[in-house]
Structure formats: C-alpha cells, structure tokens
Peer 1: 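Got a structure for you, written out below as structure tokens; questions coming shortly.
In this text, all values refer to a predicted model and were calculated from it rather than measured experimentally.
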Amino acid sequence: MSETRRKLTTIFCADVQDYTRLMGADEEGTLASLKRCRESMGRLIESHGGRVVNTWGDGLIADFPSVVEAVRAAVDTQNELAGFNARRPADGRMLFRIGINLGDVIVEGDDIYGDGVNIAARLQTSAAAGGIVISSTVYDQVRNKVAVGFEFLGPLMVKNVDEGVPSYAVKIGDTRDETPSAERSGSARPQPVMAAAKAETTPAPGGRRLYGVLGVIAAALIGINLLSWQGVFWARFPVLALAVVAALAWNRDQARFNRKITLLAILALGLAGINLFTWTGQFWAIWPILGIAAVMGLRWSMRR
C-alpha cells in the first residue's frame, strides 16, 4: 500500500475554458491542441521546480515547493499560451484558467488530496479564461516578489470550507474571454493592467470612507452634547448606534472570521452597551447574551 502523509505545498490547478464546446466543434483538432498546450505547461512547470501530479480530461494539477515559482510558472504558461492562441481563430482558442493555493494536503503515493486541493480547484473555476486566481496565502508570499499586478476579488466560498477564502486575480495582460458563451458567474472579471506600478489594489476603500464619516458624526454629537451640557450624556445612544453600524460594515468586508458568528458577537456587544448605558442595577442583557453565546457555540461546533 502507498504511504500516506501530509505536507505543506503550493497547489497549481488548471483547466480549459469551454472545453466541451471546443470538442463539439473539432474533436481531433481540440485534442491535438490540448496535447500541445499540456506539453508546454508541463515543461514550464518542471523548469520552475514543480511536478505534474495528475491530469484528467482537460484538467491538470501540479504542486511546487516554492510559492513564488508556482506563480511564475503560471504567468509564463499564460504568456506562452497567449502566443499560441494569437495564431488561432477567436472561436478556436484554447484558453486555460489557473488557480493557485498554498495549503496542507494529504499525500498518498504520487497523488495529493484535501481542502488545499479543493480550494485551488475552486480558485481555478473563478479565474477568467487565460487568467490566474490565487488565494490570500499565496498572495502574502508573492506580492513583493513577482512583477505582476493583483486585484482583490473578495472572499470566495468553497464547499466544505466554512469561511470564505480571500482571493486575488493576477494581472498579466488582457485576460478577457472573447467567446460569447464564456460567461463567468461570481467574482468580477479582472481588467488588463500591464504596469507593475499598479501591482496592488487596496480592498474596500469605501469602507474606510464610511468609518471616517461615522467617526466625524460621533465626534460632532459628543461635541454638541458637551457644549450644551445639562447633566445628561444623551450622545451615548447615537454614538453606540454608529459604532454598531461601523462594526457591521467591517464585518461585511472582512474575511478573517466567520461572518455569521461575528455578527452574533456584534449583537451581543450592542446589547451589553445598551444595558450599561441604561443601568438600573440589573444586568438584564446577560440572558440574551447567553442565548447568543449558545448559538455561536453550536455554529462553531458544527463547523467541518
């Protein structure tokens, strides 16, 4: 029997956009093109220190000991295949989508399994035809080491993974799919960016503006309350409401924690704040907070 073990590796997953349509239009020509593209891809993967783990249909999985080399191999692959497709008619181009993830996997013989592989496959299906999508674990390792651009796509939901996986599109040129049937759902299609000076985009600038506006409003309310002081700090309630709004906006954009559990925590803190601001000697918020804690505990225990 094959030895089973675990390792941390970079998973490279690729497949062909609209492969079924291409096969229906020209079966022999499509198979010949697929073989040629796979040979080029395999050569580039090996030249960057990677290993082709498996192939099936139009798909391919490889792994790399180096995260940087995995991304470089993907960029070189898409650039080389772009030259190959430039000589083909628009409706006959073989455009690969590539997803890359850094994760812990189960190794059994020559194959790899686990959530790390599933995430790479899901990233690949979210890529534009001729494009690359990477997870945040990959982005953290390569953002200052590879001369390409990155566009934050937000958290990507993956089957059997409770929390969204933050993902980035790698910008290496024009990755638009020119075939009308290649409509992608989910994340927005990345637009071409050739300049490395635009290598990194900051997520959720609107969120920062919202926090600034809420902060100004809160400061203004406190100032009005103090300047018109009559012994009552009435601004505490609108300031608490503004804090809850800011927390909800943060929770909407963040991908580090489970959003539903974090939402319950924000609700519990809001109730505690109301109880303290209306204190009459009784901590009545303990009961709804305990109920919320029980729900949070159930959700946490049910996570896979």
Peer 1: Let's go through R51 and D110 carefully: what are the C-alpha distance in whole Å and the side-chain angles of both, what is the deciding distance for side-chain contact (heavy atoms from CB on, under 4.5 Å) to 0.1 Å, and is it a yes or a no?
Peer 2: CA-CA 10 Å; R51 171 183 72 100; D110 292 330; 4.0 Å; yes
Peer 1: Could you list the donor-acceptor pairs under 3.5 angstrom formed between side-chain atoms of residues 278-297 and any protein atom two or more places apart in sequence or on another chain?
Peer 2:
unit_1: T278; atom_1: OG1; unit_2: I274; atom_2: O; d: 2.7

Peer 1: Does the side-chain hydrogen bond (donor to acceptor under 3.5 Å, both in side chains) test come out yes or no for S33 and R88, once each step is laid out?
Peer 2: CA-CA 11 Å; S33 296; R88 299 176 62 85; 3.2 Å; yes
Peer 1: Going by the salt bridge (charged side-chain N to carboxylate O under 4.0 Å, His left out) test, name the single residue among D58, D15, D18 that passes it with R97.
Peer 2: D15
Peer 1: Are side-chain N/O atoms of R36 and S40 paired as donor and acceptor at under 3.5 Å?
Peer 2: no
Peer 1: Give the cluster check for V52 versus V16: same hydrophobic cluster or not, with ILVMFWY residues linked at side-chain heavy-atom distances below 4.5 Å.
Peer 2: yes
Peer 1: What is the distance from atom OG of S167 to atom CD1 of I119, rounded to the nearest 0.5 Å?
Peer 2: 11.0 Å
Peer 1: At what distance, to the nearest 0.5 angstrom, does CG of D63 lie from CG of D111?
Peer 2: 10.5 Å
Peer 1: Should the pair F12 and F64 be assigned to parallel (<30°), tilted (30 to 60°) or perpendicular (>60°) ring geometry?
Peer 2: tilted
Peer 1: What about V148 and L44, same hydrophobic cluster or not, with Ile/Leu/Val/Met/Phe/Trp/Tyr joined at side-chain heavy-atom distances under 4.5 Å?
Peer 2: no
Peer 1: Once rounded to the nearest 0.5 Å, what's the spacing between atom CD1 of I45 and atom CG of D76?
Peer 2: 11.0 Å
Peer 1: Is there a continuous path of hydrophobic side-chain contacts, each under 4.5 Å between heavy atoms, that joins L227 to F233?
Peer 2: no
Peer 1: Applying side-chain contact (heavy atoms from CB on, under 4.5 Å) to N118 and D115, what does each step give before you reach the verdict?
Peer 2: CA-CA 5 Å; N118 295 337; D115 285 343; 3.7 Å; yes
Peer 1: Under the side-chain contact (heavy atoms from CB on, under 4.5 Å) rule, collect the residues that match up with Q78, sequence neighbours excluded.
Peer 2: L81, F96, I98, I132, I172
